[in-house]
Amino acid sequence: MNASMEVVPTAENENPGSGSESGHFDVIIVGGGPGGYASALYGASAGLNIALIEMNKLGGTCLHVGCVPAKALLETATVLRTTDHAKEFGVLAESSGLDLSITQERKQGIIDKLAGGLTSLLKGRKVTLFDGVGRLDADHRTVHVSGGESGDVTITADSVILAAGSVPRTIPGFDVDGELIVTSDEVLQIREVPDKAVVIGGGAIGCEFASLLSDLGSQVTVLEALPKILPGLDKDITQVVERSFKKRGIEVRTDVKVTGHTPGESGTTVEFGDGESVEAGLVVVSVGRRPFPDKLGLEETKVGVSDRGFVEVDENCRTSVEGVWAVGDLIATPQLAHIGFAEGMVAIRDILGEDPQPIDYDRVPWCIYCHPEVAFSGFSEEAAKEAGHDVVVSKHRFAGNGRAMIVGEPDGMVKVIAEKLPDGTGGQVLGVHLVGPWATELLGQAYLSVNWEATVAEVAHFIQPHPTLSESFGETMMSLTGRSLH
Ligand code: NAI
């Protein structure tokens, strides 16, 4: 059994790990990542009797090979950058380098603590945990568990939530060996910083690892197939990231097709474009993630799965079969842990007959933890125009913000996109896009403005504390009312 996994017997289900028939539940959840464990916690807190099946580690990708470890490593990069610039603050401490083993130990400590906390929470709410692979029976109410510490078990429920998540995509010619060619799963375990690294794919994952490896000392090249990195992001925001990457020596090559690689003595040569190549001691393949319905046995059921492998659902996360829901990376919605949480709650509320409010996927919060950080909610300027909105836009750079100067991070901006009123000022806030220091933490009030469908005047009315980075948010809103301070 995994250290973080413990089968919890309940009064009704004395020893769920040993029998062939092990009880009936209100809800069975297959998959213990954010989508699955949020469904379990929320459902149990509403009084439902829940079974949660996990074949690997409770916490899923996010906790073990995703958000948490990636951000923990990125924090080491931040500390290193701060130390490198300490002299500018009058602190005469030189960084004497990096001990990656301590970094990795710290990262693992955070994961272990969170995993332990999660298990305790689930135990505290009397969720019954099964360690093994869950396979949905053709009757859509029975789930067979096998291959794990719980042994062969068959359980039934009134409702089933599928939350089996996703796995990294790979590309032909790049067989992942975990050493030279890695995905996000393996790069998080690095024990040495490579001299040269190539990152294939300039999406959220690619940019976070490019930023990390560069800060740790690698010479990094990003190879992106599309015309720009972070596709889909507002172009003003992307430009700030691109400029920062360039200043730090990260080479970004866009519009290039990667054709293969030729391993050599101390690394490999990655071939791309029109006969160009670049050497690397580490190649990070970050070309997206694919859904992972592979072990759910859905081919024996009537649950609809798209050509791309996503389980098909409606706005309440209901699959094509009554009584079966699907949430998280398994469905074709933004592959973000917090979307998994939100979908888990929608599914549980639907099971409870509470008529949940569907998620407005166009306005969910997005956070990318590269340096500089990126965060946004709602339309980009381009997307708002494409959707037919007449827009008015305001941008404020952090260069003029006192707190940004104080923390020594003046690169970045706040950009607000609002509906244009007849007098040319801003009406409803359509999108807020942030890049710069603590952008991911600044997103809170931006997210609320967009999702509460506030007008710029309503938001500008509120006082921002001084000196803070959030003053730039307030100023940007205020300038759209036609008046301003700074
Ligand atoms: P992605 O789909 O966001 O980006 C993949 C990039 O790879 C795209 O720009 C694509 O054009 C490019 N690409 C695909 N094939 C290529 C090829 N053969 N050569 C060069 N470029 C190629 O996927 P990513 O970054 O792997 O992330 C996966 C999911 O996880 C996404 O949905 C992402 O939003 C989410 N995620 C979000 C994070 C965050 O918000 N902080 C962090 C990590 C992941």
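Basis for what follows: all heavy atoms, side chains included, without hydrogens, waters or symmetry-related copies. Remember, it's 1-based here, ligands and their atoms both numbered in the order they're listed. What you see is a predicted model, and the numbers here were worked out from it, not measured in a lab.
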**OP:** Pick out which of Ile331, Val30, Ile29 makes a side-chain contact (heavy atoms from CB on, under 4.5 Å) with Leu162.
**Re:** Val30
Original post:
Distance-only, no hydrogens or angles: does the Asp177 side chain make a donor-acceptor pair with backbone N or O of Glu179 under 3.5 Å?
Top reply: yes
**OP:** In sequence, state the C-alpha distance, the side-chain angles, and the governing distance for Lys415 and Thr476, and then conclude on side chain to side chain contact (heavy atoms under 4.5 Å, CB included).
**Re:** CA-CA 7 Å; Lys415 178 170 179 177; Thr476 314; over 6 Å; no
Original post:
Do any nitrogen or oxygen atoms of Val256 lie less than 3.5 angstrom from nitrogen or oxygen atoms of ligand 1?
Top reply: no
Original post:
Which of the atoms in ligand 1, numbered in the order shown and given with their element, are less than 4.0 Å from a heavy-atom of Gly203?
Top reply: 3 (O), 4 (O), 6 (C), 9 (O), 25 (O)
**OP:** Within a distance under 4.0 Å of any heavy atom of Leu223, pick out the atoms of ligand 1 and give their elements.
**Re:** 20 (C), 21 (N)
**OP:** Evaluate the ring planes of Phe341 and Tyr37, with Trp represented by its six-membered ring, and classify them as parallel (under 30°), tilted (30 to 60°) or perpendicular (over 60°).
**Re:** tilted
Subject >> Those atoms of ligand 1 less than 4.0 Å from some heavy atom in Ile171 >> reply: 18 (N)
**OP:** Could you check Leu41 against Leu122 for side chain to side chain contact (heavy atoms under 4.5 Å, CB included), going step by step and ending with a plain yes or no?
**Re:** CA-CA 6 Å; Leu41 290 171; Leu122 289 160; 3.7 Å; yes
**OP:** Tell me which one of Gln335, Lys228, Lys71, Lys257 gets a heavy atom nearest to atom 30 (O) of ligand 1.
**Re:** Gln335
**OP:** From the options Ile181, Val258, Val199, Ile205, select the one residue that forms a side-chain contact (heavy atoms from CB on, under 4.5 Å) with Val285.
**Re:** Ile181
Original post:
Looking at Ile368, which atoms of ligand 1 are within less than 4.0 Å of one of its heavy atoms?
Top reply: 41 (N)
**OP:** Would you please say whether a donor-acceptor pair under 3.5 Å links the side chains of Ser320 and Glu312?
**Re:** no
**OP:** Just need the protein heavy atom nearest to atom 13 (N) of ligand 1, so name the residue and atom and give the distance.
**Re:** Val287 CG1, 3.9 Å
**OP:** Within a distance under 4.0 Å of any heavy atom of Pro231, pick out the atoms of ligand 1 and give their elements.
**Re:** 9 (O)
Original post:
Under a 4.0 Å N-O cut-off, is there an ion pair linking Asp411 with Arg243?
Top reply: no
**OP:** For atom 7 (O) of ligand 1, find the nearest protein heavy atom and state the residue, atom name and distance (0.1 Å precision).
**Re:** Gly201 CA, 3.3 Å
**OP:** Starting from atom 44 (C) of ligand 1, find the nearest protein heavy-atom neighbour and note its residue, name and distance.
**Re:** Ile205 CG1, 3.1 Å
**OP:** List every atom of ligand 1 that sits less than 4.0 Å from any heavy atom of Leu336, numbering the atoms from 1 in the order shown and giving each element.
**Re:** 37 (C), 40 (O)
**OP:** Tell me which protein heavy atom sits closest to atom 26 (O) of ligand 1, plus the residue, atom name and distance to 0.1 Å.
**Re:** Gly288 N, 2.9 Å
Original post:
Taking the minimum heavy-atom distance to atom 42 (C) of ligand 1, which of Arg253, Arg169, Glu208, Glu224 ranks first?
Top reply: Glu208
Original post:
Can you tell which part of Ser184 has a heavy atom less than 4.0 Å from ligand 1: side chain, backbone, both or neither?
Top reply: neither
**OP:** For atom 40 (O) of ligand 1, find the nearest protein heavy atom and state the residue, atom name and distance (0.1 Å precision).
**Re:** Cys367 O, 2.6 Å
Original post:
Does an N or O anywhere in Leu226 fall below 3.5 Å from an N or O of ligand 1?
Top reply: no
Subject >> Per-atom contacts, ligand 1 versus Ile200 - under 4.0 Å to a heavy atom >> reply: 19 (N), 20 (C)
Original post:
Of the protein's non-hydrogen atoms, which lies at the shortest distance from atom 21 (N) of ligand 1, and what is that distance?
Top reply: Ala225 N, 3.1 Å
Original post:
Does Glu382 reach the side chain of Lys235, with side-chain heavy atoms less than 4.5 Å apart?
Top reply: yes
**OP:** Could you tell me whether Glu276 and Arg253 make a salt bridge, using a distance below 4.0 angstrom between a side-chain N and a carboxylate O?
**Re:** yes
Original post:
More than 12 heavy atoms of other residues, nucleotides or ligands under 6.0 Å from CD of Glu299: is that the case?
Top reply: yes
Subject >> Polar side chain donor-acceptor pair, Thr183 to Arg289, under 3.5 angstrom >> reply: no
**OP:** Using distance alone, determine whether Ala204 and ligand 1 share an N or O pair under 3.5 Å.
**Re:** yes
Original post:
For atom 34 (O) of ligand 1, what's the nearest protein heavy atom and its distance?
Top reply: Trp366 CZ3, 3.3 Å
**OP:** Flag the pair Glu208 and Lys71 as a salt bridge only when some basic side-chain nitrogen lies within less than 4.0 angstrom of an acidic carboxylate oxygen.
**Re:** yes
Original post:
Ser286 heavy atoms, cut-off 4.0 Å: which ligand 1 atoms fall inside?
Top reply: 5 (C), 6 (C), 7 (O), 26 (O)
